[in-house]
Amino acid sequence: MKDDERMDLRIHELARGLNVPPPTPRAELWERIQAERASRRQAVIPLRRRVRWVGWAVGLAATLALGVALGRMSMRSEPAAPMAAVPEAATGVEESMPAAYRVATAEHLGQVETFLTVFSAEAPGGRRLTNADFEMPARQLLRRTRMLRESPAATNDVALRALLDDVELVLLQITAFAQVGDERELDFVEQGITERSVMLRLRSALPSVPQRGTVGGSL
Amino acid sequence: MDATRALDPGSSVLGERDLIAAALAGDPAAERQLYEAHVDRVYRLAYRMTGDDTLAQDCTQDTFVRVFDRLAEFRGEAALSTWIHSVATSVILNALRTVKRLRSREMPEEAGLDVGHTPHDGAPLLRQRLEAAIGGLPDKLRMVFTMHDVEGYTHEEIGSALGVPVGTSKAQLFRARARLREALAGLAGEWAV
(Lines give C-alpha, C1' and ligand atoms only; values in the text may rest on other atoms or scores of the structure.)
Protein backbone atom coordinates (compact mmCIF):
# COMPACT_ATOMS: atom_id res chain seq x y z
CA MET A 1 0.00 0.00 0.00
CA LYS A 2 1.31 3.44 -0.94
CA ASP A 3 1.94 6.09 1.67
CA ASP A 4 -0.85 8.30 0.35
CA GLU A 5 -3.33 5.47 0.53
CA ARG A 6 -2.21 4.59 4.04
CA MET A 7 -2.63 8.20 5.10
CA ASP A 8 -6.03 8.44 3.45
CA LEU A 9 -7.16 5.35 5.31
CA ARG A 10 -5.97 6.72 8.62
CA ILE A 11 -7.55 10.12 7.92
CA HIS A 12 -10.78 8.42 6.97
CA GLU A 13 -10.71 6.36 10.16
CA LEU A 14 -9.96 9.33 12.39
CA ALA A 15 -12.38 11.68 10.65
CA ARG A 16 -15.27 9.38 11.33
CA GLY A 17 -14.53 9.77 15.01
CA LEU A 18 -14.77 13.57 14.89
CA ASN A 19 -17.98 15.49 15.43
CA VAL A 20 -19.88 12.26 15.95
CA PRO A 21 -23.55 13.24 15.89
CA PRO A 22 -25.74 12.39 18.87
CA PRO A 23 -29.05 10.63 18.24
CA THR A 24 -31.34 12.82 16.15
CA PRO A 25 -33.83 14.67 18.36
CA ARG A 26 -36.63 13.66 16.00
CA ALA A 27 -39.67 14.58 18.05
CA GLU A 28 -38.25 17.89 19.17
CA LEU A 29 -37.24 18.81 15.64
CA TRP A 30 -40.62 17.82 14.24
CA GLU A 31 -42.34 20.11 16.72
CA ARG A 32 -40.03 22.96 15.80
CA ILE A 33 -40.65 22.41 12.10
CA GLN A 34 -44.41 22.39 12.58
CA ALA A 35 -44.26 25.52 14.71
CA GLU A 36 -42.13 27.31 12.14
CA ARG A 37 -44.44 26.34 9.31
CA ALA A 38 -47.46 27.49 11.26
CA SER A 39 -45.86 30.85 11.97
CA ARG A 40 -44.89 31.27 8.32
CA ARG A 41 -48.42 30.57 7.19
CA GLN A 42 -49.50 33.53 9.26
CA ALA A 43 -46.66 35.70 8.03
CA VAL A 44 -46.86 38.48 5.50
CA ILE A 45 -47.52 37.91 1.83
CA PRO A 46 -44.51 36.26 0.22
CA LEU A 47 -42.13 38.62 -1.49
CA ARG A 48 -42.74 37.18 -4.91
CA ARG A 49 -46.42 37.99 -4.71
CA ARG A 50 -45.63 41.45 -3.46
CA VAL A 51 -43.36 42.06 -6.42
CA ARG A 52 -46.43 42.54 -8.64
CA TRP A 53 -47.27 45.58 -6.62
CA VAL A 54 -43.78 47.01 -6.59
CA GLY A 55 -44.20 48.83 -9.88
CA TRP A 56 -47.38 50.49 -8.69
CA ALA A 57 -45.83 51.22 -5.30
CA VAL A 58 -42.74 52.80 -6.81
CA GLY A 59 -44.85 54.99 -9.08
CA LEU A 60 -47.06 56.03 -6.20
CA ALA A 61 -44.04 56.73 -4.00
CA ALA A 62 -42.44 58.83 -6.72
CA THR A 63 -45.63 60.84 -7.09
CA LEU A 64 -45.86 61.38 -3.36
CA ALA A 65 -42.18 62.32 -3.13
CA LEU A 66 -42.65 64.85 -5.92
CA GLY A 67 -45.64 66.28 -4.11
CA VAL A 68 -43.75 66.54 -0.83
CA ALA A 69 -40.73 68.11 -2.54
CA LEU A 70 -42.89 70.71 -4.26
CA GLY A 71 -44.59 71.43 -0.96
CA ARG A 72 -41.30 71.92 0.84
CA MET A 73 -39.92 74.11 -1.93
CA SER A 74 -42.95 76.34 -1.75
CA MET A 75 -42.61 76.53 2.06
CA ARG A 76 -38.95 77.51 1.79
CA SER A 77 -39.79 80.49 -0.30
CA GLU A 78 -41.72 81.82 2.69
CA PRO A 79 -40.14 83.17 5.91
CA ALA A 80 -38.08 80.52 7.72
CA ALA A 81 -39.56 80.98 11.16
CA PRO A 82 -42.37 78.39 10.86
CA MET A 83 -39.92 75.73 9.67
CA ALA A 84 -37.58 76.38 12.56
CA ALA A 85 -40.42 76.35 15.03
CA VAL A 86 -41.69 72.93 14.05
CA PRO A 87 -39.78 70.26 15.95
CA GLU A 88 -38.63 67.26 13.95
CA ALA A 89 -40.14 63.92 14.79
CA ALA A 90 -38.10 62.10 17.39
CA THR A 91 -36.71 59.09 15.60
CA GLY A 92 -33.47 58.32 17.36
CA VAL A 93 -31.67 57.92 14.06
CA GLU A 94 -30.91 61.48 13.10
CA GLU A 95 -30.98 63.14 16.47
CA SER A 96 -27.45 62.30 17.45
CA MET A 97 -26.04 61.93 13.96
CA PRO A 98 -23.78 64.57 12.37
CA ALA A 99 -25.36 66.10 9.28
CA ALA A 100 -22.79 64.71 6.85
CA TYR A 101 -23.47 61.18 8.07
CA ARG A 102 -27.20 61.80 7.88
CA VAL A 103 -26.89 62.65 4.22
CA ALA A 104 -24.65 59.70 3.50
CA THR A 105 -26.89 57.33 5.44
CA ALA A 106 -30.07 58.60 3.81
CA GLU A 107 -28.56 58.34 0.34
CA HIS A 108 -27.23 54.91 0.98
CA LEU A 109 -30.41 53.50 2.47
CA GLY A 110 -32.36 54.96 -0.43
CA GLN A 111 -30.01 53.32 -2.92
CA VAL A 112 -30.24 50.00 -1.13
CA GLU A 113 -34.02 50.16 -1.13
CA THR A 114 -34.10 50.94 -4.85
CA PHE A 115 -31.62 48.19 -5.57
CA LEU A 116 -33.53 45.59 -3.57
CA THR A 117 -36.78 46.62 -5.22
CA VAL A 118 -35.28 46.22 -8.68
CA PHE A 119 -33.61 42.98 -7.65
CA SER A 120 -36.89 41.54 -6.37
CA ALA A 121 -38.61 42.46 -9.60
CA GLU A 122 -35.89 41.25 -11.95
CA ALA A 123 -34.19 38.27 -10.38
CA PRO A 124 -34.16 35.57 -11.41
CA GLY A 125 -34.56 35.57 -15.13
CA GLY A 126 -35.75 39.11 -15.48
CA ARG A 127 -36.32 40.32 -18.99
CA ARG A 128 -34.13 43.37 -18.74
CA LEU A 129 -31.35 42.34 -16.36
CA THR A 130 -29.37 39.15 -15.90
CA ASN A 131 -28.29 37.80 -12.53
CA ALA A 132 -24.71 38.90 -13.20
CA ASP A 133 -25.88 42.50 -13.61
CA PHE A 134 -26.57 42.61 -9.89
CA GLU A 135 -23.12 41.58 -8.72
CA MET A 136 -21.23 44.85 -9.15
CA PRO A 137 -23.92 47.13 -7.67
CA ALA A 138 -24.37 44.70 -4.80
CA ARG A 139 -20.64 44.76 -4.09
CA GLN A 140 -20.52 48.54 -4.19
CA LEU A 141 -23.47 48.80 -1.84
CA LEU A 142 -21.88 46.17 0.37
CA ARG A 143 -18.71 48.23 0.68
CA ARG A 144 -20.66 51.36 1.56
CA THR A 145 -22.80 49.45 4.03
CA ARG A 146 -19.68 48.25 5.82
CA MET A 147 -18.18 51.72 5.85
CA LEU A 148 -21.35 53.20 7.27
CA ARG A 149 -21.63 50.46 9.85
CA GLU A 150 -18.21 51.34 11.18
CA SER A 151 -18.84 55.08 11.01
CA PRO A 152 -20.13 57.32 13.81
CA ALA A 153 -23.51 57.17 12.07
CA ALA A 154 -24.03 53.65 13.34
CA THR A 155 -21.80 53.58 16.38
CA ASN A 156 -24.34 55.14 18.69
CA ASP A 157 -27.47 53.96 16.94
CA VAL A 158 -28.34 50.38 17.72
CA ALA A 159 -31.32 50.25 15.36
CA LEU A 160 -29.37 51.65 12.41
CA ARG A 161 -26.50 49.30 13.11
CA ALA A 162 -28.85 46.32 13.20
CA LEU A 163 -30.42 47.44 9.93
CA LEU A 164 -27.00 47.81 8.31
CA ASP A 165 -26.05 44.36 9.59
CA ASP A 166 -29.10 42.84 7.95
CA VAL A 167 -28.57 44.85 4.76
CA GLU A 168 -25.01 43.55 4.66
CA LEU A 169 -26.17 39.95 4.95
CA VAL A 170 -28.76 40.37 2.19
CA LEU A 171 -26.22 42.04 -0.10
CA LEU A 172 -23.74 39.26 0.60
CA GLN A 173 -26.38 36.72 -0.36
CA ILE A 174 -27.14 38.64 -3.53
CA THR A 175 -23.48 38.62 -4.56
CA ALA A 176 -23.42 34.88 -3.94
CA PHE A 177 -26.57 34.47 -6.02
CA ALA A 178 -25.21 36.69 -8.81
CA GLN A 179 -22.04 34.62 -8.98
CA VAL A 180 -23.66 31.20 -8.94
CA GLY A 181 -27.09 31.94 -10.39
CA ASP A 182 -28.50 29.19 -8.22
CA GLU A 183 -32.16 29.65 -7.33
CA ARG A 184 -31.48 28.25 -3.90
CA GLU A 185 -29.33 31.27 -3.20
CA LEU A 186 -32.27 33.39 -4.25
CA ASP A 187 -34.29 31.74 -1.53
CA PHE A 188 -31.78 32.92 1.02
CA VAL A 189 -32.01 36.43 -0.32
CA GLU A 190 -35.79 36.41 -0.15
CA GLN A 191 -35.70 34.81 3.27
CA GLY A 192 -33.21 37.39 4.46
CA ILE A 193 -35.34 40.25 3.19
CA THR A 194 -38.63 38.85 4.42
CA GLU A 195 -37.70 37.45 7.82
CA ARG A 196 -35.77 40.52 8.83
CA SER A 197 -38.37 42.89 7.37
CA VAL A 198 -35.53 44.67 5.61
CA MET A 199 -37.66 46.57 3.11
CA LEU A 200 -40.08 47.73 5.76
CA ARG A 201 -37.25 48.87 8.01
CA LEU A 202 -35.49 50.62 5.14
CA ARG A 203 -38.65 52.50 4.27
CA SER A 204 -39.25 53.35 7.91
CA ALA A 205 -35.69 54.59 8.28
CA LEU A 206 -35.76 56.75 5.16
CA PRO A 207 -38.12 59.50 6.31
CA SER A 208 -36.29 59.66 9.62
CA VAL A 209 -32.98 60.31 7.89
CA PRO A 210 -33.42 63.61 6.08
CA GLN A 211 -32.51 63.64 2.41
CA ARG A 212 -29.84 65.89 0.92
CA GLY A 213 -32.23 68.70 0.08
CA THR A 214 -33.71 68.97 3.54
CA VAL A 215 -30.46 69.05 5.46
CA GLY A 216 -28.58 71.16 2.98
CA GLY A 217 -29.25 74.27 4.92
CA SER A 218 -27.69 72.94 8.07
CA LEU A 219 -24.47 71.83 6.47
CA MET B 1 -34.02 3.28 10.18
CA ASP B 2 -36.70 0.95 8.80
CA ALA B 3 -38.57 3.91 7.49
CA THR B 4 -35.45 5.01 5.66
CA ARG B 5 -35.08 1.66 4.04
CA ALA B 6 -38.76 1.53 3.11
CA LEU B 7 -38.44 4.86 1.36
CA ASP B 8 -35.13 4.14 -0.27
CA PRO B 9 -35.57 5.23 -3.87
CA GLY B 10 -34.13 2.00 -5.10
CA SER B 11 -36.53 -0.18 -3.16
CA SER B 12 -39.77 1.68 -2.90
CA VAL B 13 -40.16 4.55 -5.30
CA LEU B 14 -43.88 4.01 -5.57
CA GLY B 15 -44.32 4.20 -1.79
CA GLU B 16 -42.42 7.43 -1.71
CA ARG B 17 -44.45 8.91 -4.53
CA ASP B 18 -47.66 7.96 -2.77
CA LEU B 19 -46.41 9.63 0.37
CA ILE B 20 -45.47 12.77 -1.53
CA ALA B 21 -48.91 12.87 -3.14
CA ALA B 22 -50.55 12.41 0.23
CA ALA B 23 -48.36 15.10 1.80
CA LEU B 24 -49.24 17.48 -1.02
CA ALA B 25 -52.90 16.76 -0.38
CA GLY B 26 -52.36 17.88 3.19
CA ASP B 27 -52.00 14.55 4.97
CA PRO B 28 -49.92 15.28 8.10
CA ALA B 29 -49.14 11.59 8.64
CA ALA B 30 -47.55 11.40 5.20
CA GLU B 31 -45.48 14.49 5.94
CA ARG B 32 -44.32 12.92 9.16
CA GLN B 33 -43.33 9.72 7.40
CA LEU B 34 -41.33 11.61 4.82
CA TYR B 35 -39.65 13.54 7.59
CA GLU B 36 -38.85 10.40 9.58
CA ALA B 37 -37.36 8.77 6.52
CA HIS B 38 -34.84 11.51 5.84
CA VAL B 39 -34.25 13.47 9.01
CA ASP B 40 -31.40 11.34 10.34
CA ARG B 41 -29.13 11.82 7.35
CA VAL B 42 -29.85 15.53 7.19
CA TYR B 43 -29.21 16.04 10.88
CA ARG B 44 -26.06 13.91 10.83
CA LEU B 45 -24.63 15.85 7.91
CA ALA B 46 -25.51 19.16 9.53
CA TYR B 47 -23.91 18.09 12.79
CA ARG B 48 -20.76 16.80 11.09
CA MET B 49 -20.40 20.06 9.21
CA THR B 50 -21.20 22.45 12.02
CA GLY B 51 -20.03 20.49 15.07
CA ASP B 52 -22.78 22.20 17.00
CA ASP B 53 -26.07 20.66 18.04
CA THR B 54 -28.05 23.90 18.04
CA LEU B 55 -26.81 24.90 14.62
CA ALA B 56 -27.38 21.39 13.28
CA GLN B 57 -30.96 21.47 14.57
CA ASP B 58 -31.50 24.89 13.02
CA CYS B 59 -30.21 23.64 9.68
CA THR B 60 -32.36 20.53 9.85
CA GLN B 61 -35.42 22.54 10.75
CA ASP B 62 -34.80 25.02 7.95
CA THR B 63 -34.25 22.22 5.47
CA PHE B 64 -37.55 20.52 6.19
CA VAL B 65 -39.51 23.76 6.34
CA ARG B 66 -38.23 24.52 2.84
CA VAL B 67 -38.81 20.97 1.66
CA PHE B 68 -42.44 20.98 2.73
CA ASP B 69 -43.00 24.50 1.44
CA ARG B 70 -41.76 23.51 -1.99
CA LEU B 71 -42.76 19.89 -2.20
CA ALA B 72 -45.05 20.73 -5.11
CA GLU B 73 -41.97 21.77 -7.08
CA PHE B 74 -40.40 18.33 -6.69
CA ARG B 75 -40.78 16.75 -10.12
CA GLY B 76 -39.64 13.27 -9.26
CA GLU B 77 -36.82 13.31 -11.80
CA ALA B 78 -34.38 12.43 -9.03
CA ALA B 79 -34.90 10.65 -5.76
CA LEU B 80 -36.56 12.68 -3.04
CA SER B 81 -33.52 12.13 -0.83
CA THR B 82 -31.35 13.78 -3.49
CA TRP B 83 -33.65 16.76 -3.65
CA ILE B 84 -33.80 17.04 0.13
CA HIS B 85 -30.03 16.90 0.29
CA SER B 86 -29.68 19.63 -2.28
CA VAL B 87 -31.77 21.81 0.01
CA ALA B 88 -29.86 20.64 3.09
CA THR B 89 -26.41 21.31 1.65
CA SER B 90 -27.47 24.79 0.61
CA VAL B 91 -28.88 25.52 4.04
CA ILE B 92 -25.77 24.19 5.78
CA LEU B 93 -23.32 26.08 3.57
CA ASN B 94 -25.31 29.25 4.04
CA ALA B 95 -25.36 28.74 7.81
CA LEU B 96 -21.60 28.26 7.82
CA ARG B 97 -21.13 31.45 5.82
CA THR B 98 -23.33 33.36 8.24
CA VAL B 99 -21.57 31.99 11.31
CA LYS B 100 -18.16 32.80 9.86
CA ARG B 101 -19.29 36.29 8.99
CA LEU B 102 -20.55 36.89 12.51
CA ARG B 103 -17.45 35.40 14.11
CA SER B 104 -15.13 37.39 11.93
CA ARG B 105 -16.89 40.52 13.10
CA GLU B 106 -16.77 39.54 16.74
CA MET B 107 -13.20 38.27 16.69
CA PRO B 108 -11.44 40.01 13.80
CA GLU B 109 -8.05 39.41 15.28
CA GLU B 110 -8.40 35.65 15.26
CA ALA B 111 -6.69 34.08 12.33
CA GLY B 112 -8.54 30.76 12.12
CA LEU B 113 -12.29 30.78 11.82
CA ASP B 114 -12.88 27.07 11.78
CA VAL B 115 -16.52 26.42 12.22
CA GLY B 116 -17.40 23.03 13.53
CA HIS B 117 -13.98 21.64 14.23
CA THR B 118 -12.51 22.86 17.45
CA PRO B 119 -9.48 20.84 18.47
CA HIS B 120 -9.83 19.20 21.85
CA ASP B 121 -6.99 19.81 24.23
CA GLY B 122 -6.76 16.25 25.41
CA ALA B 123 -6.78 14.64 21.99
CA PRO B 124 -3.66 13.11 20.50
CA LEU B 125 -1.65 15.40 18.27
CA LEU B 126 -2.67 13.68 15.07
CA ARG B 127 -6.33 13.98 15.90
CA GLN B 128 -5.95 17.61 16.87
CA ARG B 129 -4.13 18.39 13.66
CA LEU B 130 -6.71 16.53 11.63
CA GLU B 131 -9.55 18.44 13.26
CA ALA B 132 -7.80 21.70 12.57
CA ALA B 133 -6.98 20.67 9.00
CA ILE B 134 -10.56 19.63 8.28
CA GLY B 135 -11.84 22.82 9.84
CA GLY B 136 -9.46 24.77 7.65
CA LEU B 137 -10.76 23.29 4.40
CA PRO B 138 -12.97 25.55 2.27
CA ASP B 139 -16.60 24.76 3.06
CA LYS B 140 -17.38 23.07 -0.24
CA LEU B 141 -14.33 20.83 -0.08
CA ARG B 142 -15.17 19.99 3.51
CA MET B 143 -18.73 19.22 2.49
CA VAL B 144 -17.56 16.77 -0.18
CA PHE B 145 -15.02 15.18 2.15
CA THR B 146 -17.55 14.86 4.96
CA MET B 147 -20.26 13.49 2.73
CA HIS B 148 -18.04 10.95 1.03
CA ASP B 149 -15.40 9.88 3.49
CA VAL B 150 -17.27 10.39 6.74
CA GLU B 151 -20.95 9.84 5.99
CA GLY B 152 -20.56 7.45 3.07
CA TYR B 153 -22.44 9.28 0.31
CA THR B 154 -21.64 8.28 -3.26
CA HIS B 155 -20.21 10.77 -5.73
CA GLU B 156 -23.50 10.61 -7.62
CA GLU B 157 -25.38 11.66 -4.49
CA ILE B 158 -22.89 14.39 -3.72
CA GLY B 159 -22.93 15.70 -7.27
CA SER B 160 -26.72 15.85 -7.30
CA ALA B 161 -26.92 17.46 -3.88
CA LEU B 162 -24.34 20.12 -4.65
CA GLY B 163 -25.41 20.61 -8.24
CA VAL B 164 -22.03 19.66 -9.68
CA PRO B 165 -20.93 16.88 -12.06
CA VAL B 166 -19.70 13.63 -10.55
CA GLY B 167 -16.22 14.43 -11.87
CA THR B 168 -16.20 17.66 -9.91
CA SER B 169 -17.16 15.84 -6.75
CA LYS B 170 -14.30 13.41 -7.30
CA ALA B 171 -11.86 16.20 -8.03
CA GLN B 172 -12.91 18.09 -4.91
CA LEU B 173 -12.52 14.99 -2.77
CA PHE B 174 -9.07 14.45 -4.25
CA ARG B 175 -8.13 18.03 -3.43
CA ALA B 176 -9.54 17.78 0.09
CA ARG B 177 -7.60 14.59 0.79
CA ALA B 178 -4.43 16.07 -0.64
CA ARG B 179 -4.76 19.12 1.58
CA LEU B 180 -5.31 16.97 4.64
CA ARG B 181 -2.30 14.78 3.82
CA GLU B 182 -0.24 17.88 3.34
CA ALA B 183 -1.38 19.32 6.66
CA LEU B 184 -0.49 16.10 8.46
CA ALA B 185 2.68 15.28 6.57
CA GLY B 186 4.91 16.29 9.44
CA LEU B 187 3.46 13.68 11.73
CA ALA B 188 4.86 10.59 10.07
CA GLY B 189 5.48 8.90 13.38
CA GLU B 190 1.86 9.12 14.38
CA TRP B 191 0.73 7.22 11.30
CA ALA B 192 2.29 4.06 12.62
CA VAL B 193 -0.47 3.80 15.28
Side-chain angles (χ1 to χ4, degrees), chain A residues 2-41 46 142 146 149-150 161 165-166 168-170 172-173 175-177 180-192 195, chain B residues 28 31-32 35-36 39-53 56-58 60-66 68-70 86-87 89-91 94 97-98 101-102 105 116-117 123-124 126-127 130-131 133-134 145-146 149-151 163 177-178 180-181 184-185 188 190-191 193:
Chain A
K2 291 176 185 173
D3 282 350
D4 281 358
E5 288 174 0
R6 191 178 302 123
M7 282 181 85
D8 282 348
L9 267 178
R10 186 83 175 111
I11 287 171
H12 178 261
E13 187 184 295
L14 280 172
R16 290 178 67 104
L18 302 176
N19 280 353
V20 179
T24 312
R26 289 165 167 247
E28 186 187 335
L29 271 170
W30 178 249
E31 281 177 19
R32 284 178 54 174
I33 290 164
Q34 294 303 91
E36 176 65 18
R37 292 177 71 201
S39 73
R40 285 190 183 202
R41 276 193 286 268
L142 191 57
R146 286 171 170 159
R149 202 188 59 226
E150 303 308 323
R161 193 175 173 85
D165 278 350
D166 287 338
E168 185 198 13
L169 179 60
V170 168
L172 261 175
Q173 289 166 332
T175 56
F177 165 72
V180 182
D182 187 339
E183 277 213 36
R184 289 172 294 180
E185 297 286 348
L186 185 63
D187 287 342
F188 292 125
V189 178
E190 289 193 357
Q191 188 188 2
E195 288 183 359
Chain B
E31 286 185 346
R32 181 67 186 257
Y35 162 80
E36 294 286 349
V39 67
D40 278 342
R41 288 187 96 195
V42 171
Y43 174 75
R44 284 182 65 84
L45 181 60
Y47 191 93
R48 292 278 197 190
M49 286 298 292
T50 62
D52 179 274
D53 185 46
Q57 287 196 35
D58 287 348
T60 309
Q61 173 190 319
D62 200 11
T63 298
F64 280 96
V65 167
R66 284 163 189 269
F68 287 127
D69 276 357
R70 316 175 126 221
S86 72
V87 177
T89 51
S90 256
V91 168
N94 194 53
R97 273 204 298 266
T98 306
R101 183 181 71 96
L102 293 174
R105 186 173 303 163
H117 286 271
L126 184 58
R127 185 189 157 103
L130 180 60
E131 283 191 272
I134 292 174
F145 174 79
T146 302
D149 277 11
V150 180
E151 286 293 302
R177 285 175 173 169
L180 294 179
R181 283 197 302 268
L184 304 173
E190 298 266 337
W191 295 110
V193 176

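- Taken from CD in B:Glu131 to CG in A:Leu18, the straight-line distance is 4.5 Å, to the nearest 0.5 Å.
- No side-chain heavy atom of B:Tyr43 sits less than 4.5 Å from a side-chain heavy atom of A:Pro23.
- Considering only heavy atoms from C-beta on, B:Glu31 comes within 4.5 Å of A:Trp30 through its side chain.
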Item to complete: Please assess B:Asp62 against A:Glu36 for the test side-chain contact (heavy atoms from CB on, under 4.5 Å), listing each intermediate value before the final yes or no.
Response: CA-CA 9 Å; B:Asp62 200 11; A:Glu36 176 65 18; over 6 Å; no

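- Taking CG of A:Asn19 as the reference point, atom CZ of B:Arg44 lies at 11.0 Å (rounded to 0.5 Å).
- Contacts of B:Arg66 with chain A are made by side-chain atoms alone, with heavy-atom separations under 4.5 Å and no backbone atom involved.
- In this view, A:Asp166 and A:Arg196, A:Arg201 satisfy the salt bridge (charged side-chain N to carboxylate O under 4.0 Å, His left out) rule, not counting sequence neighbours.
- With hydrogens and angles disregarded, a donor-acceptor distance shorter than 3.5 Å links the side chain of B:Tyr35 to the backbone of A:Arg26.
- Scanning both residues, A:Pro25 and B:Gln57, for their nearest heavy atoms gives CG-NE2, 3.5 Å.
- Taking CD1 of A:Ile33 as the reference point, atom OG1 of B:Thr60 lies at 7.5 Å (rounded to 0.5 Å).
- Considering all non-hydrogen atoms of both residues, A:Arg16 and B:Val150 come closest at NH1-O, 3.3 Å.
- Here the side chains of B:Leu180 and A:Met7 are not in contact, with every heavy-atom distance at 4.5 Å or above.
- Taking the side chain as every heavy atom from C-beta outward, A:Ile11 and B:Arg181 approach each other to under 4.5 Å.
- Contacts of B:Val91 with chain A are made by both backbone and side-chain atoms, with heavy-atom separations under 4.5 Å.
- For B:Thr63, no part lies near chain A; criterion is any non-hydrogen pair under 4.5 Å.
- Here the side chains of A:Arg10 and B:Leu130 are not in contact, with every heavy-atom distance at 4.5 Å or above.
- One finds the CD atom of A:Gln34 at 10.5 Å from the CD atom of B:Gln61 (value rounded to the nearest 0.5 Å).
- The salt bridge (charged side-chain N to carboxylate O under 4.0 Å, His left out) search around B:Asp53 returns none, not counting sequence neighbours.
- A:Thr24 OG1 to B:Arg41 CZ: the interatomic distance, rounded to the nearest 0.5 Å, is 12.0 Å.
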